[in-house]
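The block underneath contains the structure these notes are about, expressed in structure tokens.
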Amino acid sequence: MEGVTTPSMKGWGLTRSFGVGETRTFALRNVSVELYPGQLTLLMGPSGSGKSTLLAVLSGLLHPDSGSVLVNDKDLWAMTETQREAFRLQYFGFIFQGYNLFASLTAREQMEMILRWGCGAQPKEAREKTDEMLGMLGLSKKGHLRPLQLSGGEKQRVAIGRALIKQPSFVFADEPTAALDWKHGQHVIELLRAAAHDQGST
């Protein structure tokens, strides 16, 4: 967005390691980053360079060994686990590398659940918003299917719809186009760009 100079999220001095003693490996070592509303930020690096770990730390899913994450001037890692869960529910959307869909729910139910239980939407509103999102993702005729009945690309699009449907302030996407062909990958990037530019999301 033009003229935006205040970051919506700041991480600084972030260190995260795995293992102990001689087997200890650093995924992050004193990493700092500033992210801004209305901007689509791309994180690039070779496999094993810490991209997923950084996303997990910034989004409140993985506690850093040291460092801080400020989200709209609130310290994410100073919150209790309950506070952090409520904060993530209200402000964050996630697109996971492994889809993380519920096996027993249809594509439609995966999205409606977010609106009904997470946002308190009425059934009619949840149904209408889900219809719109399924259409945007080219899944209008697939809403009744469960994950096992969907291709990898279709599952990824359901996961993307689930993340974007509540119009979150922050969207964290770990390789969101990895399972998609070029056409659908381009469409997903456009949806993420629109979430940033049109809704002021980060």
Side-chain angles (χ1 to χ4, degrees), residues 1 4-102 110-111 113-115 117-120 156 159-178 191-193 195-197 199-202:
M1 281 184 177
V4 172
T5 56
T6 304
S8 51
M9 175 175 283
K10 293 192 291 186
W12 67 88
L14 296 172
T15 296
R16 173 68 198 205
S17 61
F18 298 92
V20 293
E22 293 183 2
T23 63
R24 189 180 185 194
T25 303
F26 284 88
L28 304 175
R29 200 190 296 260
N30 197 29
V31 174
S32 296
V33 63
E34 291 187 349
L35 303 173
Y36 293 83
Q39 291 187 0
L40 185 65
T41 303
L42 179 65
L43 185 62
M44 296 178 68
S47 180
S49 62
K51 302 183 299 296
S52 294
T53 302
L54 180 58
L55 280 181
V57 168
L58 291 174
S59 62
L61 295 175
L62 187 65
H63 205 298
D65 298 343
S66 60
S68 301
V69 177
L70 273 189
V71 187
N72 294 332
D73 295 325
K74 293 183 175 66
D75 189 335
L76 193 63
W77 290 109
M79 298 177 186
T80 66
E81 181 62 33
T82 301
Q83 290 171 331
R84 198 161 44 250
E85 284 180 6
F87 193 84
R88 287 198 309 257
L89 179 63
Q90 184 173 356
Y91 295 108
F92 293 175
F94 299 90
I95 304 170
F96 296 100
Q97 215 170 344
Y99 316 132
N100 284 15
L101 300 177
F102 293 98
Q110 309 272 353
M111 298 182 206
M113 174 184 67
I114 299 296
L115 296 172
W117 301 343
C119 304
Q156 183 70 316
I160 289 160
R162 184 181 61 183
L164 295 179
I165 197 161
K166 67 176 182 180
Q167 298 184 318
S169 301
F170 299 84
V171 180
F172 300 91
D174 195 352
E175 299 193 28
T177 62
L191 285 174
L192 291 171
R193 187 209 63 79
H197 292 186
Q199 300 167 26
S201 300
T202 301

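Scope of the values below: all heavy atoms of this structure, side chains included, with no hydrogens, waters or symmetry mates. These numbers come from a predicted model, not from an experiment.
More than 12 non-hydrogen atoms from other residues, nucleotides or ligands lie less than 6.0 angstrom from CH2 of Trp12. Heavy-atom contacts from other residues, nucleotides or ligands closer than 6.0 Å to CZ of Phe102 number 12 or fewer.
Contact between Val171 and Ile95 at its shortest, heavy atoms only, is CG1-CD1, 4.2 Å. Of all heavy-atom pairs between Leu192 and Pro176, the closest is CD1-CG, 4.2 Å. Counting all heavy atoms, side chain and backbone alike, Tyr91 lies closest to Pro168 at O-CB, 3.4 Å. When all heavy atoms of Gln83 and Thr80 are compared, the closest pair comes out as OE1-N, 2.8 Å. Shortest non-hydrogen contact noted between Tyr99 and Arg162 is O-NH2, 2.9 Å. In this structure, Ala195 and Leu164 approach most closely via the heavy-atom pair CB-CD2, 4.3 Å.
Once rounded to the nearest 0.5 Å, the distance linking CG of Leu55 with CG of Leu61 reads 9.5 Å. Put simply, CG on Leu62 and OG1 on Thr53 are 6.5 Å apart, with the number rounded to the nearest 0.5 Å. To the nearest 0.5 angstrom, Asp174 atom CG is 10.5 Å from Asn100 atom CG. To the nearest 0.5 angstrom, Met9 atom CE is 7.5 Å from Thr202 atom OG1. One distance of note links OG of Ser52 with CZ of Phe172; it measures 13.0 Å at 0.5 Å rounding. Taking OG1 of Thr41 as the reference point, atom CD of Glu34 lies at 11.0 Å (rounded to 0.5 Å).
Shown here are the side chain to side chain contact (heavy atoms under 4.5 Å, CB included) partners of Glu81, two or more places apart in sequence or in another chain: Arg84, Glu85, Arg88.
Remark: the backbone N or O of Leu89 is paired with a side-chain donor or acceptor of Lys166 at under 3.5 angstrom. Panel note: side chain Thr15, backbone Asn30; a donor-acceptor pair is recorded below 3.5 Å. Judged by distance alone, the side chain of Ser32 and the main-chain N or O of Gly13 form a donor-acceptor pair under 3.5 Å. Put simply, the side chain of Lys51 gets close to the backbone of Pro46: a donor and an acceptor are under 3.5 Å apart.
In this structure, Ser201 and Ser169 have side chains that are not in contact, with every pair of non-hydrogen atoms separated by 4.5 Å or more. Here the side chains of Phe170 and Ser59 are not in contact, with every heavy-atom distance at 4.5 Å or above. Residues Phe26 and Arg16 have side chains not in contact (no heavy-atom distance under 4.5 Å, counting atoms from C-beta outward). Looking at Met44 and Leu42, their side chains come closer than 4.5 Å, going by heavy atoms from C-beta outward. Annotation: side chain of Asp75 is not in contact with side chain of Val69 (no heavy-atom distance under 4.5 Å).
Using a cutoff of 4.0 Å between basic side-chain nitrogens and carboxylate oxygens, Asp65 and Arg24 are scored as salt-bridged.
Residue pairs that meet the ring pair (Phe, Tyr, Trp, His ring centres under 6.0 Å) test with at least one member in residues 51-86, sequence neighbours left out, are His63-Trp77.
Ring geometry for Phe92 against Phe94 counts as perpendicular: the plane angle is over 60°, on a 0 to 90° scale with 30° as the lower cut.
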